[in-house]
Novice: 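Below is a structure I'd like to ask you about.
A quick note: this is a predicted structure, and the numbers were derived from the prediction, not measured.
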Amino acid sequence: MEEKVDNACEWCKENWQSIVSVFVTIVIVVGIVILSISTFGTAIPVIAVGVVGAIVGISGQLISVIISCAITGDWDGNWQSYIGSAIGGFSGGVLLLLTNPIAACSAEAAISTFFGENLENITGGQKRSTFEILFDTGLSTGTAAFFSVALSKITGKLSKKIPVFKRLSGINSYDASFKMVITKLKQGSIKKFHYKTIRNGVISGLSEGALENIASGFLMGLRNGMTNGESCHKINKK
């Protein structure tokens with residue numbers, strides 16, 4: 001028993017920064033949800049956009065991992081990153097009710113990376129220093145903001161010239177249809193949340209984050225490729 005207590009104390013001592021970081025992140029996410037519900041007076045639209053955001057976050061992470069795998073030949077996904085993406089996606093979806101898409105997308109990327117990497121530290125995944133986690137979080141946030149702005153301009157131009165892109169921008173887009181339903185939910189004029197609304201939200205979310213997911217996967221693949229190369233070099237040197 002004493003040995004178990006000592007091990008637990010040692011584990012807490014080694015991981016206290018990540019434990020605090022995960023706890024603080026959860027408190028922030030809960031605060032965002034409470035603020036949204038108190039602002040709109042109902043939990044239905046908050047839960048709706050949160051669920052859609054979580055689906056988009058997990059799907060985006062899968063896309064990034066697939067791209068990274070195509071570069072390195074290794075499957076680098078882990079359950080911690082998917083949980084981080086789900087929580088980040090949920091938060092980003094809820095923030096769409098309070099802020100603009102760029103801010104929500106940036107917050108989603110920041111929370112996903114920060115929570116996921118700290119969770120890895122706690123649960124015995126890849127160990128990262130505080131600096132590495134903060135650097136990755138900043139890089140993810142900047143990448144998300146940059147590509148969110150870039151993609152909105154690109155889809156706006158393509159939707160005018162190529163028919164297949166018409167539903168990605170404008171008044172008849174998936175995003176516009178999704179937001180219309182959310183607005184009606186906030187107003188209380190409708191009570192149900194159909195699968196088509198989830199579909200519209202997921203498609204609009206994935207299309208808005210397409211460049212970010214591709215860039216994240218590419219950067220992940222390059223970093224993992226360099227890390228694996230350094231490891232092989234050290235082994236051969238020995």
Novice: Count the heavy atoms of every other residue, nucleotide or ligand shown that sit under 6.0 Å from CH2 of Trp16, and state whether that count exceeds 12.
Specialist: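 Atom CH2 in Trp16 is not crowded, with 12 or fewer foreign heavy atoms closer than 6.0 Å.
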Novice: Would you compute the distance between atom CD1 of Ile32 and atom CG of Leu97 and round it to the nearest 0.5 angstrom?
Specialist: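 Rounded to the nearest 0.5 Å, the CD1-CG separation comes out at 11.5 Å.
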Novice: Do you know which two heavy atoms are closest between Ala104 and Gly92, and how far apart they sit?
Specialist: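 Reported closest heavy-atom pair: CB-O, 3.4 Å.
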Novice: Side chains of Lys179 and Asn200: donor-acceptor distance under 3.5 Å anywhere?
Specialist: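 The criterion, which ignores hydrogens and geometry beyond distance, is not satisfied for Asn200 and Lys179.
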Novice: So if you build clusters from Ile, Leu, Val, Met, Phe, Trp, Tyr with side-chain heavy-atom gaps below 4.5 Å, do Ile87 and Phe23 land together?
Specialist: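 No, no single cluster joins them.
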Novice: Under the criterion side-chain contact (heavy atoms from CB on, under 4.5 Å), I'd like the reasoning laid out for Ile203 against Phe178: C-alpha separation, chi angles, the key distance, then a yes or no.
Specialist: CA-CA 10 Å; Ile203 293 176; Phe178 177 68; over 6 Å; no
Novice: What heavy-atom pair brings Gln61 and Ser81 nearest, and what distance separates the two atoms?
Specialist: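 Smallest heavy-atom distance, with atoms named: NE2-OG, 3.3 Å.
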Novice: Distance check, rounded to the nearest 0.5 Å: Lys127 atom NZ versus Asn15 atom CG?
Specialist: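 Answer for the NZ-CG pair, Lys127 versus Asn15, is 3.5 Å.
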Novice: Do Asp136 and Phe114 make a side-chain contact, defined as non-hydrogen atoms from C-beta onward lying under 4.5 Å apart?
Specialist: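 Counting from C-beta outward, Asp136 and Phe114 never come under 4.5 Å.
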Novice: In Å and rounded to the nearest 0.5 Å, what is the OG1 to CG distance from Thr39 to Leu98?
Specialist: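 Rounded to the nearest 0.5 Å, the OG1-CG separation comes out at 5.5 Å.
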Novice: Are Val30 and Ile19 connected in a single hydrophobic cluster, I mean Ile/Leu/Val/Met/Phe/Trp/Tyr linked by side-chain heavy atoms less than 4.5 Å apart?
Specialist: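 Looking at the clustering, Val30 is in the same group as Ile19.
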Novice: If you look at every heavy atom in Val202 and Val52, which pair is closest and at what distance?
Specialist: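 Heavy atoms only, the tightest pair is N-CG1, 3.7 Å.
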Novice: Quick check on the hydrophobic clustering: are Tyr174 and Leu96 connected, directly or via other members, by side-chain heavy-atom contacts under 4.5 Å?
Specialist: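 No, Tyr174 does not connect to Leu96 through the hydrophobic network.
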Novice: Taking it one step at a time, do Leu185 and Thr42 satisfy side-chain contact (heavy atoms from CB on, under 4.5 Å)?
Specialist: CA-CA 9 Å; Leu185 285 172; Thr42 175; over 6 Å; no
Novice: Are Leu206 and Leu95 connected, step by step, through hydrophobic side chains (Ile, Leu, Val, Met, Phe, Trp, Tyr) whose heavy atoms are closer than 4.5 Å?
Specialist: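 Result: yes, single cluster for both.
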Novice: With Asn118, which of Val24, Ile133, Thr113 fulfils side-chain contact (heavy atoms from CB on, under 4.5 Å)?
Specialist: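 Among Val24, Ile133, Thr113, the one meeting side-chain contact (heavy atoms from CB on, under 4.5 Å) with Asn118 is Ile133.
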Novice: Rounded to the nearest 0.5 Å, how far apart are OG of Ser112 and OH of Tyr82?
Specialist: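 Nearest 0.5 Å value for the OG-OH distance: 12.5 Å.
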Novice: Determine the minimum heavy-atom distance between Ser21 and Thr25, stating which atoms define it.
Specialist: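 That would be O-OG1, 2.7 Å.
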Novice: Quick check: closest heavy atoms across Arg128 and Glu120, and the distance to 0.1 Å?
Specialist: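 That would be NH1-OE2, 3.0 Å.
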Novice: Which atom names give the shortest non-hydrogen contact between Ala144 and Ser106, and what distance separates them?
Specialist: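 Taking Ala144 first and Ser106 second, the nearest heavy atoms are CB-CA, 4.2 Å.
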Novice: Enter the distance from Ser177:OG to Lys196:NZ here, rounded to the nearest 0.5 Å.
Specialist: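 So the OG of Ser177 and the NZ of Lys196 are separated by 10.5 Å.
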Novice: Can you find a heavy atom in the side chain of Ile111 that is under 4.5 Å from one in the side chain of Phe90?
Specialist: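 A side-chain contact under 4.5 Å is absent here.
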Novice: Going hydrophobic residue to hydrophobic residue with side-chain gaps under 4.5 angstrom, can you get from Val29 over to Ile26?
Specialist: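 Yes, it is one cluster - the side chains of Val29 and Ile26 are joined through contacts under 4.5 Å.
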Novice: For Gln80 and Thr123, which I'm curious about, is there any donor-acceptor pair between the side chains at under 3.5 Å?
Specialist: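 Gln80 vs Thr123: donor-acceptor pair found between side chains.
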Novice: Nearest 0.5 angstrom please: Ser85 OG to Ile58 CD1, how far?
Specialist: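 Interatomic distance, Ser85 OG to Ile58 CD1, rounded to 0.5 Å: 7.5 Å.
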